[in-house]
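Here the structure is laid out as structure tokens; the discussion comes afterwards.
Keep in mind it's a predicted model, so treat the numbers as computed, not measured.
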Amino acid sequence: SGTQSYWTDPFTCYRPISLQAQHYTCQDRFVFPKFLNVTQAVSNMMATEYLGIDEAYQESICLLRTKLTGALPAYCDCSNATAWGLFNGMKEQHGSEPHSLSDYSEAVIADIDAITFADRELYRAAVERFQGEVRDVEKQFGTKILCKDLTSVPTLRYVLAPLAD
């Protein structure tokens, strides 16, 4: 049938192969197709009402608040350090120690790339959508929300880099 079920998997666990793309295309969260339809995953992501990205957490909250209320909170003006500092968000780290891609060998990165290929395509499209929505809100309110260059964020620079064939 081209799928692997949680219940028939020899390890009885989820398969972490492009898990975000799998969730955007799944009929059942515990059924894993042999091949993921990245086009469908991107289409389903584009159809979601709200999208935020981890690397721009405060900016993501600003978009959400704007969509929910039609107003832009003062803490969304990244060109005003005082206003920007008023943001009282909480970003849970779950006890993770800070780390970097440089902490891992090329072999480990290659293994991760192999199981997250569809997720990288999906996230690339999500970042594109996010940046477009930010520009729209910035234009609507005449306020700069995204002051940082997302391509300078190390994890995003890697995700946004061209994929190897």
Problem - Flag side-chain contact, heavy atom, 4.5 Å: Cys26 against Gln22 - result: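 Yes, close enough: below the 4.5 Å cut-off.
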Handout entry: pair Ile115-Asp111: side-chain heavy atoms closer than 4.5 Å
Key =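 Ile115 does not reach Asp111 side chain to side chain.
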Handout entry: Flag for Thr48-Arg129: side-chain donor and acceptor within less than 3.5 Å
Key =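 Yes.
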Handout entry: Donor-acceptor pair between Tyr50 and Glu133 side chains, under 3.5 angstrom
Key =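 The answer is no; no qualifying pair exists.
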Exercise for the section: Scan residues 139-153 for pairs that pass side-chain hydrogen bond (donor to acceptor under 3.5 Å, both in side chains), counting only residues two or more places apart or in two chains. Expected result: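 Non-adjacent pairs meeting side-chain hydrogen bond (donor to acceptor under 3.5 Å, both in side chains): Asp149-Thr151.
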[X] side, atom [atom1]; [Y] side, atom [atom2] - distance, nearest 0.5 Å:
| X | Y | atom1 | atom2 | answer |
| --- | --- | --- | --- | --- |
| Trp84 | Cys76 | CH2 | SG | 6.5 Å |
| Leu64 | Leu51 | CG | CG | 11.0 Å |
| Leu122 | Asp119 | CG | CG | 6.5 Å |
| His23 | Thr25 | NE2 | OG1 | 9.5 Å |
| Ile53 | Phe130 | CD1 | CZ | 4.5 Å |
| Leu150 | Glu128 | CG | CD | 12.0 Å |

Taking all atoms of both residues into account, what is the closest heavy-atom pair of [X] and [Y], and its distance?
| X | Y | answer |
| --- | --- | --- |
| Ala41 | Ala21 | CB-O, 3.9 Å |
| Ser18 | Phe117 | OG-N, 3.5 Å |
| Leu146 | Gln131 | CD2-CG, 4.4 Å |
| Met45 | Ala126 | CE-N, 3.5 Å |

Practice task
Return yes if some donor-acceptor pair links the side-chain N/O of Asp77 with the main-chain N/O of Ala83 below 3.5 Å, else return no.
Solution key: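 Side chain of Asp77 to backbone of Ala83: no pair is present.
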Problem - Side chain Ser105, main chain Val108, donor-acceptor under 3.5 Å - result: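 Indeed, once roles are kept as given, a pair shorter than 3.5 Å links the two residues.
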Practice task
Just do the side-chain contact (heavy atoms from CB on, under 4.5 Å) check on Tyr123 and Glu55 with the steps written out, would you?
Solution key: CA-CA 11 Å; Tyr123 207 62; Glu55 294 82 2; 2.6 Å; yes
Problem - ring-ring contact (aromatic ring centres under 6.0 Å, His included) partners of Tyr75, counting only residues at least two apart - result: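 Tyr75 satisfies ring-ring contact (aromatic ring centres under 6.0 Å, His included) with Phe87 once adjacent residues are dropped.
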Practice task
List the steps and the verdict of side-chain contact (heavy atoms from CB on, under 4.5 Å) for Asp113 and Arg120.
Solution key: CA-CA 8 Å; Asp113 283 350; Arg120 283 182 68 194; 3.6 Å; yes
Exercise for the section: Return the set of residues passing side-chain contact (heavy atoms from CB on, under 4.5 Å) with Val137 (not counting sequence neighbours), or none when no residue passes. Expected result: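 Result, side-chain contact (heavy atoms from CB on, under 4.5 Å) vs Val137: Leu63, Thr66, Leu72, Phe141, Ile145.
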Problem - Linked, directly or transitively: Met46 and Leu36 (ILVMFWY side chains, under 4.5 Å) - result: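 Cluster IDs for Met46 and Leu36 differ.
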